[in-house]
Amino acid sequence: MQEGLSPNHLKKAKLMFFYTRYPSSNMLKTYFSDVKFNRCITSQLIKWFSNFREFYYIQMEKYARQAINDGVTSTEELCITRDCELYRALNMHYNKANDFEVPERFLEVAQITLREFFNAIIAGKDVDPSWKKAIYKVICKLDSEVPEIFRSPNCLQELLHE
């Protein structure tokens with residue numbers, strides 16, 4: 001049992017973000033079983049995911065606004081693929097070494113998120129200070145199950161050497 005969180009725990013959390021944007025504290029305790037949990041550790045992990053979400057949503061808003069400026073008029077024109085700029089920005093942030101195969105479901109969730117931001121901005125909802133809350137409510141329901149391998153304290157070695 002470790003007393004604190006390490007850089008490997010941060011990397012693991014970033015990779016878990018591809019599956020879950022809104023993990024519960026109980027879920028985090030299950031997936032970080034090698035850590036001796038206390039209020040500080042729980043708060044730190046929750047803060048990490050909050051920071052991951054903040055970056056994610058900032059990128060989504062930025063790219064949605066850019067699409068509108070570029071003349072995009074329909075959500076069908078907004079697609080997230082592994083070779084698009086938005087995907088590369090997200091992948092660089094959460095998977096810097098690009099040594100992890102990002103799940104397809106993450107691309108689907110990212111596309112839904114981008115389209116939600118696009119629709120909200122087009123509809124003028126961004127004049128309301130709390131306009132993003134409706135988007136967050138949609139996205140929090142799209143979390144996937146985190147694979148069992150992430151429960152292992154050695155999951156990074158196992159995941160990154162497959």
Side-chain angles (χ1 to χ4, degrees), residues 7-28 30-32 45-152 155-156 158-162:
N8 276 345
H9 289 118
L10 176 59
K11 181 166 178 119
K12 178 178 177 175
K14 284 183 173 184
L15 296 180
M16 285 176 64
F17 186 79
F18 287 124
Y19 299 94
T20 181
R21 268 65 54 204
Y22 294 88
S24 68
S25 55
N26 282 340
M27 176 195 210
L28 292 171
T30 304
Y31 284 90
F32 291 88
L45 277 167
I46 289 170
K47 181 69 176 158
W48 282 353
F49 276 87
S50 175
N51 290 342
F52 302 161
R53 284 191 304 273
E54 183 180 12
F55 177 82
Y56 177 78
Y57 288 129
I58 286 169
Q59 295 303 307
M60 292 299 167
E61 181 178 356
K62 175 181 151 187
Y63 280 86
R65 290 188 187 283
Q66 184 60 51
I68 292 164
N69 290 339
D70 291 346
V72 173
T73 57
S74 164
T75 56
E76 283 72 42
E77 297 175 64
L78 299 172
C79 296
I80 304 284
T81 62
R82 291 182 189 275
D83 59 352
C84 75
E85 190 180 335
L86 175 55
Y87 170 80
R88 283 195 295 271
L90 295 171
N91 192 44
M92 260 312 279
H93 189 73
Y94 305 115
N95 184 26
K96 200 176 287 287
N98 199 29
D99 49 8
F100 177 74
E101 179 72 24
V102 177
E104 280 300 316
R105 178 68 180 147
F106 179 76
L107 277 75
E108 296 166 15
V109 172
Q111 184 167 295
I112 291 166
T113 310
L114 180 61
R115 290 176 174 186
E116 289 288 329
F117 270 91
F118 179 87
N119 284 333
I121 295 165
I122 287 286
K125 293 180 180 174
D126 57 333
V127 296
D128 180 344
S130 62
W131 69 283
K132 294 177 188 172
K133 285 183 181 170
I135 297 170
Y136 301 160
K137 284 181 182 174
V138 171
I139 303 313
C140 75
K141 293 179 181 134
L142 301 177
D143 280 2
S144 305
E145 194 142 324
V146 178
E148 283 296 310
I149 193 168
F150 280 89
R151 291 181 192 265
S152 165
C155 80
L156 287 181
E158 295 169 37
L159 283 168
L160 305 179
H161 294 104
E162 281 186 349

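Put simply, the side chain of Tyr31 gets close to the backbone of Val146: a donor and an acceptor are under 3.5 Å apart.
Taking NE2 from His93 and NZ from Lys14, the interatomic distance works out to 5.0 Å, rounded to the nearest 0.5 Å. Note that CZ of Phe100 and CG of Asn98 are 11.0 Å apart. Values are rounded to the nearest 0.5 Å. In this structure, the separation between OG on Ser144 and CZ on Phe106 is 10.5 Å, given to the nearest 0.5 Å. Remark: Leu107 CG to Cys79 SG distance equals 11.0 Å, nearest 0.5 Å.
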TODO: Show your working on side chain to side chain contact (heavy atoms under 4.5 Å, CB included) between Asp99 and Lys11 and close with a plain yes or no.
DONE: CA-CA 11 Å; Asp99 49 8; Lys11 181 166 178 119; 3.4 Å; yes
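Here Lys12 pairs with nothing under the salt bridge (charged side-chain N to carboxylate O under 4.0 Å, His left out) rule; sequence neighbours left out. Remark: Glu61 engages Arg65, Lys132 in a side-chain hydrogen bond (donor to acceptor under 3.5 Å, both in side chains) (not counting sequence neighbours). With sequence neighbours excluded, the residues that form a side chain to side chain contact (heavy atoms under 4.5 Å, CB included) with Asp70 are Gln66. For Ala123, the side chain to side chain contact (heavy atoms under 4.5 Å, CB included) partners are Lys125, not counting sequence neighbours. Here Ser152 pairs with Glu158 under the side-chain hydrogen bond (donor to acceptor under 3.5 Å, both in side chains) rule; sequence neighbours left out. Tyr19 is linked by a ring-ring contact (aromatic ring centres under 6.0 Å, His included) to Phe150, counting only residues two or more places apart in sequence or in another chain. Taking the side-chain hydrogen bond (donor to acceptor under 3.5 Å, both in side chains) definition, one finds that Ser24 meets it with nothing, sequence neighbours left out. The side chain to side chain contact (heavy atoms under 4.5 Å, CB included) search around Glu148 returns Arg151, not counting sequence neighbours. Remark: Asp128 engages Ser130 in a side-chain hydrogen bond (donor to acceptor under 3.5 Å, both in side chains) (not counting sequence neighbours).
Considering only heavy atoms from C-beta on, Ile121 comes within 4.5 Å of Trp131 through its side chain. The closest side-chain heavy-atom distance from Leu156 to Leu15 is below 4.5 Å. In this structure the side chain of Asn119 never reaches within 4.5 angstrom of the side chain of Ile122, judged on heavy atoms. Side-chain contact between Asn91 and Phe18 is present, with at least one heavy-atom pair separated by less than 4.5 Å. Inter-residue side-chain proximity for Leu114 and Phe118 is flagged as unmet; no heavy-atom pair is nearer than 4.5 Å. Contact check for Met27 versus Asp143: no side-chain heavy atoms found under the 4.5 Å cut-off.
For residues 106-123, the salt bridge (charged side-chain N to carboxylate O under 4.0 Å, His left out) pairs, not counting sequence neighbours, are Arg105-Glu108. Among pairs with a residue in residues 72-82, those fulfilling salt bridge (charged side-chain N to carboxylate O under 4.0 Å, His left out) read Arg82-Glu101, Arg82-Glu104, at least two apart in sequence or across chains.
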Could you go through residues 46-59 and list every donor-acceptor pair under 3.5 Å that involves a side-chain atom there, pairing it with any protein atom two or more places apart or in another chain?
{"unit_1": "Arg53", "atom_1": "NH1", "unit_2": "Arg21", "atom_2": "O", "d": "2.8"}
{"unit_1": "Tyr56", "atom_1": "OH", "unit_2": "Thr113", "atom_2": "OG1", "d": "2.7"}
{"unit_1": "Tyr57", "atom_1": "OH", "unit_2": "Tyr22", "atom_2": "OH", "d": "2.7"}

